[in-house]
Amino acid sequence: MSNIKPVSTTTHPKADDVAEPGSDAYTASTIDVLEGLEAVRVRPGMYIGSTGPRGLHHLVYEILDNSVDEALAGYCKNIQVTINQDNSITVEDNGRGIPVDIVEKTGKSAVETVFTVLHAGGKFGGGIYKVSGGLHGVGASVVNALSECLEVEVYRNNKIYKQTYKRGKPEGVLTIIGSSEKQGTKVTFWPDDEIFHDINEEGERITITVEWDVLTTRLREMSFLNKGLTIVLTDKRLDKSETYYYEGGIASYVEYLNDTRVPLHKPPIYFEQERDDIVVECALQWTDMYAESIYTFVNNINTHDGGTHLTGFRNALTRVINDYARKNNLLKENEANFTGEDVREGLTAIVSAKVHEPQFEGQTKERLGNREVQGVTQSVVSEKLSDWMELNPKAAKEIAAKAIQARQAREAAHKAKVLVRRQSALENSQLPGKLADCSDRDPQHCEIYLVEGDSAGGSAKQGRNRVFQAILPLRGKILNVERVQPSRIYDNAEVQAMIQGLGLSVKDDDEETGSKSTGLLRPNAENLDLSKLRYHKVIIMTDADVDGSHIRTLLLTFFFRYARPLIEHGHIYIAQPPLYKVEKGKRIEYCYNEHKLEAVLAELGEKATVQRFKGLGEMMPAQLWETTMNPETRTLKQVTVDDASEADHIFDLLMGEAVGPRREFIERNAHLVSNLDV
Ligand code: 28F
């Protein structure tokens with residue numbers, strides 16, 4: 001193979017070519033580098049969060065981020081992500097290709113620098129990109145350190161350059177292996193299974209692989225956020241491929257999120273504006289729903305906790321809609337202004353900002369802190385939104401009418417609450433009658449089982465440990481909170497029982513909006529007072545049939561919409577009752593899934609008898625305790641809101657009225673639904 005030669009043998013290194021690394025500085029920095037990457041292997045969690053499935057997928061995002069940065073810089077239109085047959089992952093872009101010349105500070109090629117120097121992006125590449133995802137930007141070197149093997153190919157200068165690394169260490173220098181007209185960068189890596197693994201139910205270590213379903217969400221989001229960018233995901237194991245391309249960018253995102261809702265106007269409002277070096281891009285569409293769904297991003301990173309861009313956006317929204325309503329006499333002189341919540345009812349929006357040096361704050365570093373972004377966002381949104389309202393008077397009036405409706409409902413709710421308070425002051429007993437409470441009063445020790453139906457409730461009451469386990473039997477169908485006005489959820493006896501039983505209440509003042517609290521739970525309000533929570537474990541225990549799963553979804557919808565902090569703080573669980581009991585002689589085995597049943601039957605042979613539990617009510621109290629309620633022997637599934645946007649969508653689809661999209665969605669996303677649907 002005579003055409004394969006190390007790049008470093010080039011006789012006349014030119015600007016964009018590779019020079020001989022041979023100085024003292026090179027040796028010194030090599031040592032630094034090895035120490036750096038060793039640190040990543042010693043404490044992988046510090047760099048990628050976890051060594052479980054999340055961390056594994058994070059590796060893909062890190063490499064992808066570099067391609068997307070190249071797209072943001074305006075040089076890349078196509079990205080291919082491929083899961084290979086052997087579970088390695090290939091990411092390829094058609095950008096400029098990573099430079100191959102020597103970086104002075106490291107004495108290595110830029111390629112090797114990117115893959116072997118920790119935080120190479122920040123330290124060595126600062127200023128090259130207009131914007132770059134700061135938070136996740138731990139970079140390619142981390143992926144390299146955590147990969148058994150990594151190969152990078154660069155297509156540049158009509159040549160193909162290649163370098164291979166083993167656990168972060170280069171196997172030789174960057175080498176020209178051929179010629180090509182192509183431009184771009186291609187990376188293939190084999191995640192190190194010394195680092196990445198999971199633990200199964202039996203406590204055994206299992207290897208994990210990248211999953212289609214997880215990548216698809218992220219890649220779709222990336223293409224929404226970067227209009228005109230094409231991302232192709234291919235899974236060679238499944239022989240499957242999907243292309244994500246959205247001409248409308250975040251406007252398409254809003255349409256996607258609203259595809260089961262009835263919009264008040266079409267198309268979504270969309271604008272993009274650069275001011276003081278900050279780019280603000282927004283898409284908004286009101287629907288006839290009650291909750292608000294606003295998702296915010298900075299440099300393509302989801303800012304789950306909002307921040308200055310969100311504050312600026314909200315301020316502008318409230319101001320513009322109030323001004324419009326006043327000017328058009330929709331709000332009379334003697335009427336008070338709309339609150340922020342009034343104007344956001346039913347709104348779906350994406351706010352995406354591009355900021356040079358984003359500062360991320362808060363516990364999870366998911367809140368934008370840069371002060372200057374607030375003013376810029378506020379002025380851009382004010383200007384663009386009021387222009388839009390002037391040009392679209394019909395839609396503008398519908399939006400104002402929605403706010404008027406929201407305000408009326410809020411005022412009605414306030415009156416109702418005053419009434420409820422008076423009543424409870426009289427009755428003096430806040431707990432629902434059918435609650436079988438526990439005796440311990442420390443919420444940290446206590447759990448409450450939400451049980452479907454009286455007969456299961458009866459078994460649970462007899463089977464429980466009454467010191468720390470409370471039972472709340474729920475009768476019949478829970479209200480679908482998705483489809484009613486916020487003030488009406490209190491009309492439903494089961495919801496009321498949960499609110500009182502669990503101790504769900506809100507903090508007195510709403511610091512953020514400055515508006516006085518109605519004391520009622522409101523959709524998406526973050527002001528749940530967790531200190532009043534009476535049990536730290538809230539366990540949903542329903543039958544393993546269609547009705548059971550429907551009730552579970554209704555309950556999750558309620559928590560998701562009206563008490564999301566409960567999910568976020570890990571207080572919500574799903575009980576896992578067994579499906580089968582297998583008996584042979586004195587031996588009894590409970591099976592929680594079909595897989596286990598097969599294994600047990602294979603072991604016990606033909607003489608074993610199998611009982612299928614049709615409902616919790618069929619179980620003896622002692623059986624229920626042993627299999628589902630005893631902390632020593634049960635398994636609980638903790639409910640998480642991993643991706644609020646996706647979850648929001650699922651809940652809508654499951655609960656919404658649009659049957660067509662619902663069926664299609666469930667088919668497409670069976671995995672996600674079954675996640676909730678244990
Ligand atoms: C599959 C993963 O990593 N793509 C990348 C580029 C392009 C440039 C670059 C990357 C130089 C010294 C930092 C090209 N030409 N895909 C990728 N494409 N990095 S990563 O530069 C990196 C800087 O260190 C690039 C001109 N400027 C930048």
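Read the numbers this way: they start at 1 and go in the same order the structure lists the ligands and their atoms. Heavy-atom basis, side chains included; hydrogens, waters and symmetry copies ignored.
- Between T113 and ligand 1 there is no heavy-atom distance shorter than 4.0 Å.
- When the options T185, V154, V187, N94 are ranked by their closest heavy atom to atom 5 (C) of ligand 1, first place goes to T185.
- Across E70, R96, E92, heavy-atom proximity to atom 26 (C) of ligand 1 is greatest for R96.
- When atom types are taken as modelled, the side chain of N226 and the backbone of M222 share a donor-acceptor pair closer than 3.5 angstrom.
- The ring-ring contact (aromatic ring centres under 6.0 Å, His included) pairs that include a residue from residues 231-251 are F224-Y246, where partners are two or more places apart or lie in different chains.
- Contact annotation: for D93 versus ligand 1, heavy atoms closer than 4.0 Å belong to the side chain alone.
- In this structure, G95 does not count as a contact residue of ligand 1, since none of its heavy atoms falls inside 4.0 Å of the ligand.
- Counted within 6.0 Å of CG on D239, heavy atoms from surrounding residues, nucleotides or ligands total 12 or fewer; the atom is thus considered open.
- Using a 4.0 Å heavy-atom cutoff, G97 is listed among the residues neighbouring ligand 1.
- A salt bridge links E292 to R314: one of the charged nitrogens lies within less than 4.0 Å of a carboxylate oxygen.
- With hydrogens and angles ignored, the 3.5 Å screen pairs a side-chain donor or acceptor of S50 with a backbone N or O of G55.
- Close contacts between ligand 1 and R156 involve ligand atoms 14 (C), 15 (N) [criterion: under 4.0 Å to a heavy atom].
- Geometrically, ligand 1 and K186 share no nitrogen or oxygen pair separated by less than 3.5 Å.
- Close approach to V91 involves these atoms of ligand 1, each under 4.0 Å from a residue heavy atom: 1 (C).
- Under the salt bridge (charged side-chain N to carboxylate O under 4.0 Å, His left out) criterion, E255 pairs with no residue, sequence neighbours left out.
- Heavy-atom neighbours of K236 NZ from other residues, nucleotides or ligands within 6.0 Å: at or below the threshold of 12.
- Within ligand 1, counting atoms from 1 as listed, the ones closer than 4.0 Å to a heavy atom of I63 are 1 (C), 2 (C).
- Here K105 has no heavy atoms under 4.0 Å from ligand 1, in either its backbone or its side chain.
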